[in-house]
Colleague: 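Attaching a single structure in structure tokens format; questions to follow.
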Amino acid sequence: MMRMPLFIAVAALVAVGGLFLPLVVPNPFYFYAGYVVLQYMVIATGWNILGGYAGYTNFGASAFFGAGAYMAAFLLKAFGAPMLVQLIGAGCIGVILGVATGYLTLRIQGIYFAIATVALVVVLETLVHNTDYLGGAAGLQVLAPAPPAWFGGQPQYVFFIMLVLTVSAVVVARWIEVSWIGRSLRAIRASEPAAECSGVPTLRLKLLACAISGGIMSMAGAPYATYSSYVDPVSAFSLTVGLNALAMPLIGGTRSWPGPVLGALLLASVQQVATVTISSEFNILAVGVVLIAFVALAPEGLLGLRAFRRRVS
Amino acid sequence: MNVLLSVRAVEKSFGAVRALGPVDVDIRPRERLGLIGPNGSGKTTLINCITGLFPPDAGVIVFKGIDITHEPAYRRARRGLSRSFQIPRPFVGMTVLENLLVPMDYLGKGGGSEEIARADEVLASVGLIARRNDPSEALSQLELRKLELARALVAEPEVLVADEAMAGLSEGEIDDILSLLFRLNESGVAVVMIEHIMHAVMRFSERIICLETGKIIAAGTPSEVADNPLVQKVYFGEQNHR
């Protein structure tokens, strides 16, 4: 396995490489579509820290994504905040939401946490619907400042921001996976009572996972306001985000960081192609069909399938 | 009398059903204590209260002179109170070695190569060193039992609670686990054995406590408990009552 400093160096190289992409890819559409694929890589990677490593299913990824998007839009409208501040603000709101939801529900195992995360989506969406400053049900028009000249346009700029976020999220996820935190989360997933009796402070670890997972998913929503110049409750708290966040790690494999990245790459790419060639409504159908197929045929995801084949041979 | 763990007037109910108590139990350093009783007598409830998985409704639990009644299970484990489970609960998705590293991460037993060397030592002592890098889900029933004990031991406990560690094993395998528990006890660990396999409990224990409907009905040496009319009544019924 690649050592962590080398992994970080490779990840940093990938991010720096993104700076030069506008020079070799002239068509901004690829950045526009690529942004969505990367966005789902970040969401799926963040979701997997709690849902995959610790085994706690979060149905409310869109609550975190939407909160991040609206926090960024708010900071932009109220203070004209730069992208970095928007990202930090979104991350903070995600951490707060994650800890609050976790603290209220994680003492009880299983389904209660899942139900609470669904409720969180409804609560936040209703809150935004009734907040005039955030545009209410009609949504909020966002006037983002012009991107740095180097990038040549907004799609290239937000693509680069999302690439940096993706690389950062993957580095965090891998560090957690190979560290004592990941080991403890996997122990919680396998048997919470056995983990607790082995000295693992399970509640504290789950709250930590909630905080990191929530923070990453909310940060994924931060550039959305700049990307689409418009935020509305239906898109920001969309079912598609919540469903994709769950489906992508399940398709790729939930036990390690490449799983959600691979799942997001496959599913989001198919969705982007389907959006252009067939219909945007086809997305949900595609997710549903692929999810059923994987649950039935490869419950451990693509990476689990590879491990299974290795064991059999 | 030197007491390592003291349970005083501990009670536990689930809704209207009183599962345990009030019971008093003392465990001495390096003792081999057997806990017997028919199904539903409160054995597992008692050890869940002792190890912190269930908060008792009443009573006090003192370990090494410290009141641990309201402490969470993970803190009790760090103090030296380890247990195995009735149904083995391996950390699936991890290798045998990684299963042992989980408790070691929290118990200040050193890190890196030192930590791994200690885990290897424990694996060798329970006969699992050859399975070190195998996924825990690939282990046999006997190996799973050994893994449970190894995971408890790596924390260097002062009290080990073995909850039906021999359930479902053959006679040869029972001997294997018994000799392992004897060796642990010789190394200074007090062992509480909860078991339905009577010849194993009788052979292993210095003292036996028998529970029935959440209360202690007999306590003493194995022969004293075996000869106790109440114990015979519980196990064999009224007709066989001598």
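Per chain, numbering begins at 1; letters A, B, ... match sequence-line order. Here the structure is a predicted model, which means the values were calculated and not measured. Any value given below was found using the heavy atoms of this structure, including those in side chains, with hydrogens, waters and symmetry copies removed.
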Colleague: Identify whether the distance between the nearest side-chain nitrogen and carboxylate oxygen of B/Glu148 and B/Arg145 falls below 4.0 Å.
Modeller: no

Colleague: If you measure from the Lys or Arg side-chain nitrogens to the Asp or Glu carboxylate oxygens, is any gap between B/Lys146 and B/Asp176 under 4.0 Å?
Modeller: yes

Colleague: What part of B/Arg83 gets closer than 4.5 Å to chain A, counting heavy atoms only: side chain, backbone, both or neither?
Modeller: side chain

Colleague: Quick check for you: among A/Ala190, A/Gly199, A/Cys197, which has the greatest number of heavy-atom pairs under 4.5 Å with chain B?
Modeller: A/Gly199

Colleague: Out of curiosity, B/Leu149 CG to B/Leu180 CG, how far, rounded to the nearest 0.5 Å?
Modeller: 5.5 Å

Colleague: The test is salt bridge (charged side-chain N to carboxylate O under 4.0 Å, His left out); show your working for A/Arg183 and B/Glu98 and say whether it passes.
Modeller: CA-CA 8 Å; A/Arg183 202 148 49 211; B/Glu98 283 175 317; 5.4 Å; no

Colleague: Select one option (side chain, backbone, both, neither) describing which atoms of A/Arg255 are under 4.5 Å from chain B's heavy atoms.
Modeller: side chain

Colleague: Does any heavy atom of chain A fall under 4.5 Å from the side chain of B/Arg75, the backbone, both, or neither of them?
Modeller: side chain

Colleague: I'd like to know whether CD1 of B/Ile87 has more than 12 heavy-atom contacts from other residues, nucleotides or ligands below 6.0 angstrom.
Modeller: no

Colleague: Would you mind telling me which of A/Ala195, A/Ala187, A/Ser184, A/Ser191 has the largest number of heavy-atom pairs within less than 4.5 Å of chain B?
Modeller: A/Ala187

